[in-house]
Student: 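Got a structure for you, questions after.
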Amino acid sequence: MTASTATVAPVFERLEAAWKRSDRMFELLAPAALAERPIALRHPLVFYVGHLPAFTWNMLGRGVLRRESPRPEFDRLFDFGIDPEEGQEPEDAHDWPSLEEIHRYRDAVRERVRASWPDVERRAGEHPLAERGRIYHLVLEHELMHHETLLYMFQELAHERKRGAAWWSAPVTGPPARAARRVRVPAGEVTLGADLDGPRGIEFGWDNELPERRVRVGELEIASLPVSIGEYLRFVEDGGYAREELWDPEGWEWTRRHGRELPKDWARRAGGLVVRAMLADHPLRDAAGWPVSVSWAEARAYARWRGARLPSEPELHLAAYGPSDEPVHGKRSPRRYPWGDDAPVAPRHGNFGFAHHSPTPVGSHPGGASALGVEELLGNGWEWTSTPFLAHEGFAPTIPEYAGYSRDSFDGKHYVLFGGSWATDPKLLRRSFRNWFRFNYPYPFTQFRLAWDA
Ligand SMILES: [Fe+2]
C-alpha cells in the first residue's frame, strides 16, 4: 500500500460497509413496497435505490473527474431528492426503470468508485473535494444519512409492506430508566462549527459546519433528559392539541388542517393508545419510556404547556460540550463528545449506530452524560432546537456541484436539530454536524428537551 492509498483506505472500508448496509435496508421491504411513496412529499422508494449511486457519480464522477457514468440518463433521473412544501407534492410521472437495471447501474458506479483514487488524487488543487480524498467522505456521509431517511420512510409504510429481516433486533421498550432533573448551566462562550484545517480541524465537513466560530450563551436551566412518551401523554390528555394559546400561529394552522390530536406515530385502538415502531405497533404503556418523536411545532406547544421552552443550538452545545476555554469540573473543554474525548461506542455512550433498531427508554445511557450531568445528547433521537437554520457569519457553499445543499433551506421555516438518533452512524456524531427540518415535518426520529431561563 502506498502512502497515498493509505490516506483513503479507512474511508473506502467504511464506504464498502455503508453500501452493504444500503442493500440490506431494502431487504426489509416486501417487493411491491418499492413503488410506494410513503411520504407524499418525497419520491417513491425505488427512486432511492438509484439515487444513492447517482448522487455518488454526480459528485465524484461528473463533479471531480468530469466524466460520464455508464448510464448518463440515470445520473439525471435519480439526481436529487426533493423538499417541497405541503400542498406542492410531486406528481409521480415517471415510469421508473426495472430494479435489475438500477442494480446494474449501482454496481457499475461502485466499481468505478473503487478504481477512482489515482484519478481523484491527480485532481487535487483543481477541485476542493479532491483534496485528501474528501469526496469519499462526502459520498459516504450522504449514504449514511440516507440510511436514516430510508428508515423513517419505511416506518410510514403499513406493516404488511415490510417483511423484516433476521438482523433486525426486537425493540427495547419499558418505562424511563431515570427521572429528568433540572440542571443549571453557567453562562459561557461555546465553539460552534469547525475548520477543515488547523489543530482542531476535521477531515470532512459540510458547508453549514464551516468555519469554527464562537457564540456567547447566558445562564440557563436544562432538563437532564428528553421528554418521554409517558410525559407527553399528559399534554394530550390535558387537551394540548385543542388549546390554541399553546401553539405558534403556523403550527396551530397546521394541526387544524390535518385534524391532528396525537403525534403521528400514535393511534387509538380498541385496547387503548398504541405507538408505531418499524415492524409493529406497541401499547403506549410499553413504549412510555421512549423519547417522544414529534414535529418542532408540537415540541414548542408542549414546552409552553410546561412553562418552559426549547433550548437553542448554542445552549445545547454549552450543556453538552462545555464552554470553549474554561475547564468544566476539571476537564478540558470543549470536549470532543459530551462524555469526553473517547470515540463513540454504543450502547455505552448512547443509542446510535444501529446498536438497537428502535429508541430506548430515556436515561438508559448514563455513560454518555456531559460534565454537567445532562444525558442522552447523542443518539436515540435528533433533538429539536429553537434555532432557525440560517446562514451564519462566514458561511459559504463549499461543494461546487451542490451549492444549494444548505442554502436552499435558509427560509426561516427549517430548524436546527442536534445530536443524532438510533439510526445515525457514529461518523456523523462530530460536534459540528447539524441536521435541519421544517417546523411541521413529523417523520424523522426526533426528541426534544425543556429549557428555562435562569
Ligand atoms: Fe440524497
Side-chain angles (χ1 to χ4, degrees), residues 11 14 128-129 131-145 148 188-217 311-325 328 331-344 349-350 352-353 368 370-371 374 377-379 381-399 402-403 405-407 409-410 414-421 424-437 444:
V11 70
R14 294 175 96 158
L129 292 170
E131 301 292 334
R132 291 188 236 169
R134 284 194 178 121
I135 183 63
Y136 301 109
H137 290 275
L138 179 137
V139 298
L140 168 60
E141 293 196 4
H142 175 259
E143 196 101 3
L144 297 174
M145 288 190 253
E148 188 157 357
E189 186 189 66
V190 288
T191 305
L192 298 182
D195 291 324
L196 285 178
D197 302 299
R200 281 202 299 263
I202 48 177
E203 54 185 354
F204 172 76
W206 297 85
D207 55 7
N208 66 70
E209 297 176 66
L210 314 173
E212 187 175 290
R213 51 206 186 273
R214 299 285 173 100
V215 178
R216 187 82 205 157
V217 180
S312 69
E313 183 186 28
E315 286 174 337
L316 265 170
H317 274 261
L318 186 59
Y321 300 103
S324 303
D325 297 313
V328 174
K331 302 265 184 177
R332 188 172 64 75
S333 290
R335 298 166 155 208
R336 276 194 79 189
Y337 300 100
W339 54 84
D341 288 347
D342 294 349
H349 297 127
F352 46 76
S370 75
V374 181
L377 289 155
L378 299 185
W382 285 98
E383 198 159 324
W384 285 113
T385 74
S386 62
T387 303
F389 184 62
L390 296 170
H392 52 261
E393 208 188 322
F395 170 84
T398 53
I399 308 165
Y402 203 174
Y405 174 66
S406 298
R407 202 181 51 195
S409 304
F410 291 159
H414 290 73
Y415 288 86
V416 175
L417 293 96
F418 171 97
S421 85
T424 305
D425 191 274
K427 187 177 196 304
L428 307 179
L429 297 178
R430 62 177 171 269
R431 187 175 49 72
S432 56
F433 190 88
R434 308 159 84 202
N435 207 340
W436 63 96
F437 290 109

Student: Which heavy atom of Val217 sits nearest a heavy atom of Pro314, and at what distance?
Tutor: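 Closest heavy-atom pair between Val217 and Pro314: CG2-CB, 3.6 Å.
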Student: At their closest point, which heavy atom of Gly353 faces which heavy atom of Pro426, and how far apart are they?
Tutor: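 Between these two residues, the closest heavy atoms are CA-CD, 3.8 Å.
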Student: Taking Glu203's backbone N and O only, do any of them form a donor-acceptor pair with Arg134's side chain (distance below 3.5 Å, no angle check)?
Tutor: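 Judged by distance alone, yes, a pair lies under 3.5 Å.
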Student: Which heavy atom in Ser409 sits nearest to a heavy atom in Trp436, and how many Å separate them?
Tutor: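 Looking at all heavy atoms of both residues, the shortest contact is OG-NE1, 2.8 Å.
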Student: Look at the side chain of Ser324 and the backbone N and O of Thr191, then say whether any donor-acceptor pair between them is shorter than 3.5 Å.
Tutor: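 Present.
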Student: Report the C-alpha separation of Tyr415 and Phe389 in whole Å, then their side-chain angles, then the decisive distance to 0.1 Å, and conclude whether the ring pair (Phe, Tyr, Trp, His ring centres under 6.0 Å) test is met.
Tutor: CA-CA 5 Å; Tyr415 288 86; Phe389 184 62; over 10 Å; no
Student: Working to the nearest 0.5 angstrom, can you tell me the gap between Ile135 CD1 and Leu140 CG?
Tutor: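 It comes to 11.0 Å.
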Student: Looking at side-chain heavy atoms only, is the closest gap between Ser370 and Trp339 below 4.5 Å?
Tutor: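 A side-chain contact under 4.5 Å is absent here.
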Student: Measure across Arg213 and Gly193 and return the closest heavy-atom pair with its distance rounded to 0.1 Å.
Tutor: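 Looking at all heavy atoms of both residues, the closest pair is NH1-CA, 3.6 Å.
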Student: Between Leu429 and Gly420, what is the shortest heavy-atom contact and its length?
Tutor: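 Minimum heavy-atom separation between Leu429 and Gly420: CD2-CA, 4.4 Å.
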Student: What is the ring orientation for Phe395 with Phe410, classed by angle as parallel under 30°, tilted 30 to 60°, or perpendicular over 60°?
Tutor: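 Perpendicular.
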Student: If you round to the nearest 0.5 Å, how far is NE2 of His137 from CZ of Arg14?
Tutor: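 That separation rounds to 8.5 Å.
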Student: If I compare all heavy atoms of Leu377 with all of Val374, which pair ends up nearest, and what's the gap?
Tutor: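 Reported closest heavy-atom pair: CD1-O, 3.4 Å.
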Student: Report yes if some heavy atom in the side chain of Leu417 is under 4.5 Å from a heavy atom in the side chain of Arg434; otherwise report no.
Tutor: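 No; the side chains remain at least 4.5 Å from each other.
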Student: For the CG atom of Asn208 and the OH atom of Tyr405, what is their distance to the nearest 0.5 Å?
Tutor: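 Answer for the CG-OH pair, Asn208 versus Tyr405, is 6.0 Å.
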Student: In Å and rounded to the nearest 0.5 Å, what is the CG to CZ distance from Asn435 to Phe418?
Tutor: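 Reported value, rounded in 0.5 Å steps: 12.5 Å.
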Student: Under the side chain to side chain contact (heavy atoms under 4.5 Å, CB included) test, which residues partner Glu141, sequence neighbours left out?
Tutor: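 Testing Glu141 for side chain to side chain contact (heavy atoms under 4.5 Å, CB included), a comparison that skips the adjacent residues, returns Met145, Phe204, Trp206, Lys427, Leu428, Arg430, Phe433.
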Student: Is any side-chain heavy atom of Asp342 closer than 4.5 Å to a side-chain heavy atom of Tyr337?
Tutor: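 Answer no - side chains too far apart.
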Student: Would a distance-only check, ignoring hydrogens and angles, find a side-chain to backbone donor-acceptor pair under 3.5 Å from Thr385 to Val416?
Tutor: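 The answer is yes, because a donor-acceptor pair under 3.5 Å joins these two groups.
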Student: Roughly how far, to the nearest 0.5 Å, is the CG atom of Leu196 from the CD atom of Glu209?
Tutor: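 Going from CD on Glu209 over to CG on Leu196, the span is 8.5 Å.
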Student: Could you check Thr387 against Ser312 for side-chain hydrogen bond (donor to acceptor under 3.5 Å, both in side chains), going step by step and ending with a plain yes or no?
Tutor: CA-CA 5 Å; Thr387 303; Ser312 69; 4.5 Å; no
Student: With heavy-atom distances below 4.5 Å as the criterion, would you say the side chains of Pro344 and Leu378 are in contact?
Tutor: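 Answer no - side chains too far apart.
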Student: Could you state the interatomic distance from CD (Glu143) to CG (Leu138), rounded to the nearest 0.5 Å?
Tutor: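 Spacing of CD (Glu143) from CG (Leu138) equals 11.5 Å.
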Student: Are the side chains of Arg431 and Arg335 in touch, meaning some heavy atoms are under 4.5 Å apart?
Tutor: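 Heavy-atom side-chain distance check fails, nothing below 4.5 Å.
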